[in-house]
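Just below is one structure, and these are the notes that go with it.
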Amino acid sequence: MLTNNQMGPPEKPIAAEKQILSLGRVLQKLREEDNLEVLIETTIAYIKEHFDYELIWIALYDRLKHTLTGKGGITPTKESNFLHQRLVLSPGDLLEQVVIEQRPLGLADLREEHRDQTLKEVAKKFQIQGTVILPIRYRDRCLGLVLLGSQRWGYLLGGEAKARLLIVLAELGAVLYQYEIDLLHKQTKRIEEPLLQLLENLRSLNNLEQKLETLVEAIHKFVAPSRTNIYWFQREGRYFWCRMSDQPPNLSRDAGPQQPAVGISAQDLTEFYHALALNQIVWIGESRSSLNSHVTGKLLQRLRVRSLLAAPIICQKDLLGFLAVEGYQPRIWADADKNFIQSAAGLISLVVPTDDMESTIKQIQADAQLTSQVAQAIYSQHDLQEVLRICAQRVLERLATTRFLVLRYDPDQNYYQILHQTQLQNRRSLTFTLSALKDLDRQLLQRVTETVEIENLDEDLRFFNWRPFFSEHGVRSLLVCNCSQGNSPTALVVIAHENYRSWTTLEKELLWVVSQQIGVIVRQWQLQGSNEQQRTILQSFQECLRILAQTQSKTTQTEEYHLEHTALQQIASVLNCPLAIMLSWSPGEYQAKIIPGVVSNEGFEVVVNTSISIQTEALIQWALTQESYLSLRVEDLPRETRTWFNGANIGQILVMVLRTANAYQPTSVVILADHRERYWSEQSLSAAETLVYQLAWLHRQKQITQLLDSATEDLQQLNWYKHRHLEEIYTAVTPLLSQINDLGIPTQEMRETRSFPGLRQLENATDAIAKLLKHEQWQLQIKWETIAVASLLKRAVARLDNLLKQNKLWIGVHGLGSSDANPDSLKTSPDLSTQSFVNQSAMAIACDIKKIELVLYELLLAACHRSPSGGRIDIWCRRLEKGMLDISITDNGLIEAQLLAELNQTQPKDVLAVSSLDQPPGLHFLICQHIIQQMKGELHFYQLADNRIVSRLVLPLATH
């Protein structure tokens with residue numbers, strides 16, 4: 001780098017004033033001169049006069065080509081070849097460093113420099129050592145450089161000399177910059193005058209072909225390419241053909257490269273076509289292109305040229321073609337060339353509509369008439385299919401296409417079905433359904449306000465999942481319209497064509513208007529479908545209610561699952577699914593059985609005759625944890641479930657639990673299945689849930705009825721058997737008593753005989769059996785009698801005498817003589833066996849003596865069985881308010897907590913649930929409670945804090 005500490009230059013001995021005057025003169029000369037060669041010579045002369053350097057070289061920088069071009073200088077040997085040499089700059093070169101950094105660079109010995117081989121060779125040739133390289137710059141732009149070389153080592157510029165030289169170079173940079181701007185301005189083509197002249201020429205012409213020919217001549221004259229052509233776009237087939245050229249046509253087979261390309265397919269040059277359709281100019285020049293390299297090479301090869309400039313011709317958003325200027329050699333296209341052909345293409349887009357104005361007006365009128373006829377048909381025709389047929393036929397004729405489709409989305413099946421189709425006479429109807437749209441396609445149709453055009457179905461990624469269906473039937477291009485603008489695309493109008501093609505804006509606008517009118521028709525269809533579905537649901541509800549009325553009567557074995565079969569058929573009908581079954585079990589069972597309802601299609605079979613574990617079956621356990629329905633796919637099922645639920649076409653699965661009230665445990669689940677693509681709509685799911693809920697109550701009612709019928713039948717048989725058995729006993733005993741009376745024994749002796757307890761008990765038992773057989777054959781009768789409490793307890797305890805002795809149990813009776821006896825506080829002494837009934841008052845109760853005696857016996861018997869050997873049982877009597885008597889029996893035995901809880905349950909008992917009250921002793925306690933309630937009393941069971949069991953009877957006292 002430059003420093004002031006090294007050896008200074010040997011300036012010529014002139015005065016300082018002369019140096020300043022000389023500097024002023026050279027600056028003035030540089031400002032006034034506009035010739036590049038004079039500017040360079042003036043600068044070289046000044047450096048040569050005021051600085052002692054053997055090598056002076058001035059070069060100008062070309063920033064586009066990144067090169068330095070020598071413009072002159074001096075050498076020690078007067079050799080000038082190097083002075084006018086052109087050097088290409090490379091990364092790392094000394095000269096490139098000065099150009100990029102725009103800072104002076106000093107070298108002690110250029111011969112030893114390895115970063116620039118060319119300068120090193122020049123230094124060796126001229127014996128140059130000390131070197132200074134200074135940039136010629138203006139603002140932040142490098143315009144060239146000055147190289148000063150000396151044959152001395154380390155010979156560098158001093159401070160004052162350096163300042164004078166930099167002033168001169170700065171002035172030279174400013175002049176060179178202005179010179180470059182002026183030169184660029186002179187070289188730039190002006191397009192205003194040629195365009196004005198072209199407009200004037202076009203105004204006098206009436207024929208379109210003549211106008212196009214005039215345009216081609218003007219463009220060829222202004223741009224001066226090798227060839228100028230106008231290519232027109234053919235929508236049917238999507239290719240460009242040459243409509244006008246500056247070259248005369250040559251129909252021979254050996255046409256040379258001067259002839260334009262006959263046709264250019266948009267299929268082969270998709271990027272080129274899309275650029276034109278987006279109104280972008282396409283240029284291909286020397287080592288540069290607006291397209292990627294693959295398309296660039298393919299396009300140049302097709303046109304047989306090496307450079308190209310193409311401007312699209314667009315009218316009313318439609319691509320009509322493009323204007324092309326072509327070169328046989330690589331060429332850099334100037335901005336003026338691009339602007340001129342772009343303007344010329346715009347003129348063509350203005351000229352074409354005026355030439356076809358009359359036909360365009362007729363077409364617009366015909367389109368308006370078509371839409372009017374469609375609207376009129378919608379409101380006048382009741383047959384919607386006929387309306388669509390008329391509409392489709394006219395649209396096909398107008399658009400000159402192959403197929404007209406109306407698609408409707410089925411949310412239950414999650415696919416689009418063909419609601420209507422019209423095609424050319426020699427085409428077959430389409431029978432497939434289309435899968436649901438991907439999210440991007442659905443959002444696209446919901447967002448757009450115009451027809452979506454697919455010119456090449458094979459390459460376009462839109463509606464990709466529909467491509468196989470259409471391609472299989474020869475469809476290559478599509479027009480798609482959402483029939484409800486701004487809403488989810490539940491109805492679509494699709495135009496399908498068998499060739500690659502595009503449509504005009506007028507054609508797409510026409511189809512859009514027609515599609516919105518068709519949306520009204522589809523909406524009417526949807527309303528009718530919704531009404532039909534509601535009617536089906538209502539009929540299902542009515543059918544279920546009818547079944548309920550039928551199931552009130554007793555069913556035969558073959559009709560055992562008639563309710564479930566019919567209900568499952570109704571549910572399957574509402575959901576329109578091919579499989580509906582039920583897994584059912586009874587309370588307390590561990591295995592569920594399959595009740596088939598609907599298995600309508602192949603591939604939806606299940607193994608019906610199989611036993612399913614309730615605890616391990618995933619479908620049952622998963623469903624029981626859900627408050628609502630469970631939706632899953634077949635892939636979610638474990639292998640064990642697939643062994644019986646093995647239909648090959650099963651994809652989507654719905655599981656619903658038959659639930660009634662929260663207090664009742666469910667005993668069944670309904671399983672529904674359909675294809676993988678099935679989508680369950682909210683409306684159908686809601687209806688199915690209602691039907692399943694109704695089925696749950698019907699199923700429960702049926703189970704309860706069957707259970708009660710079975711229990712009633714068993715009890716009737718038992719009652720009949722016991723009643724007839726008692727009749728036999730009574731019939732056998734009565735003659736014996738009659739025979740004793742007929743023996744003729746004297747009265748006194750008879751009395752002595754009758755005093756024998758056995759005979760007296762036999763007579764009493766016989767009388768009781770006679771009353772039972774007469775008054776309580778099929779219905780319980782409550783008789784209101786009065787009995788002293790002491791007598792009642794004594795008789796009840798007497799019945800247990802043998803059992804008390806066997807188990808060494810003690811019974812204590814308390815409170816017959818007082819009203820404050822309390823089982824929670826009174827302590828009993830352990831030295832009593834059977835406490836005597838002392839202090840017996842005249843307390844009596846009103847009841848059915850026989851039944852209350854049996855109830856007391858049942859309670860004491862249970863207490864004896866619970867109590868440990870050697871234990872104690874206490875009977876507590878206490879008068880209550882409102883004429884009631886409390887008789888509480890306490891013992892120290894053990895009782896199940898579940899039994900106590902169920903005996904004191906206030907909620908209605910679940911008849912179907914497994915209960916401790918279904919068998920003794922719970923069943924006996926429950927019967928006793930019911931009998932006591934009929935005698936206007938109460939019976940309660942509970943446990944005290946000291947773990948004693950209390951059986952508490954509350955009975956009405958007899959009134960005197």
Check [Y] with [X], please: is the shortest side-chain N to carboxylate O separation under 4.0 Å?
{"X": "Lys438", "Y": "Asp441", "value": "no"}
{"X": "Arg243", "Y": "Glu209", "value": "yes"}
{"X": "Arg501", "Y": "Glu455", "value": "no"}
{"X": "Glu450", "Y": "Lys508", "value": "no"}

* For Leu308 and Trp333, run side chain to side chain contact (heavy atoms under 4.5 Å, CB included): C-alpha distance rounded to whole Å, both residues' side-chain angles, the deciding distance at 0.1 Å, then the answer. => CA-CA 9 Å; Leu308 171 69; Trp333 301 104; 5.6 Å; no

Do [X] and [Y] have ring centres separated by under 6.0 Å?
{"X": "Tyr415", "Y": "Phe432", "answer": "no"}
{"X": "Trp466", "Y": "Tyr416", "answer": "yes"}
{"X": "Tyr500", "Y": "Tyr239", "answer": "no"}

* Applying side-chain hydrogen bond (donor to acceptor under 3.5 Å, both in side chains) between Asn499 and each of Arg235, Glu236, Arg476, report the one that passes. => Glu236

In Å and rounded to the nearest 0.5 Å, what is the [atom1] to [atom2] distance from [X] to [Y]?
{"X": "Leu405", "Y": "Leu478", "atom1": "CG", "atom2": "CG", "value": "9.0 Å"}
{"X": "Leu510", "Y": "Thr505", "atom1": "CG", "atom2": "OG1", "value": "12.5 Å"}
{"X": "Leu309", "Y": "Ile284", "atom1": "CG", "atom2": "CD1", "value": "9.5 Å"}
{"X": "Asn482", "Y": "Thr490", "atom1": "CG", "atom2": "OG1", "value": "7.0 Å"}

For [X] and [Y], test the side chains for any donor-to-acceptor distance below 3.5 angstrom and give the result as yes or no.
{"X": "His497", "Y": "Thr401", "value": "yes"}
{"X": "Thr422", "Y": "Gln393", "value": "no"}
{"X": "Glu271", "Y": "Asn292", "value": "yes"}
{"X": "Thr214", "Y": "Asn201", "value": "no"}
{"X": "Thr228", "Y": "Asp246", "value": "no"}

* Asked: For Gly327 and Val305, which heavy atoms make the closest approach, and how far apart are they?
  -> O-CB, 3.3 Å

* **Residue pair Cys391 / Ile518: nearest heavy atoms and the distance that separates them** => SG-CD1, 3.8 Å

* Asked: Just by distance, do the side chain of Asn229 and the backbone of Tyr231 share a donor-acceptor pair under 3.5 Å?
  -> no

* To do: Step through the shown structure and confirm whether more than 12 heavy atoms of other residues, nucleotides or ligands are within 6.0 Å of CD on Gln210.
  => yes

* NZ or CZ of Arg227 within 45° of Tyr328 ring axis and under 6.0 Å -> no

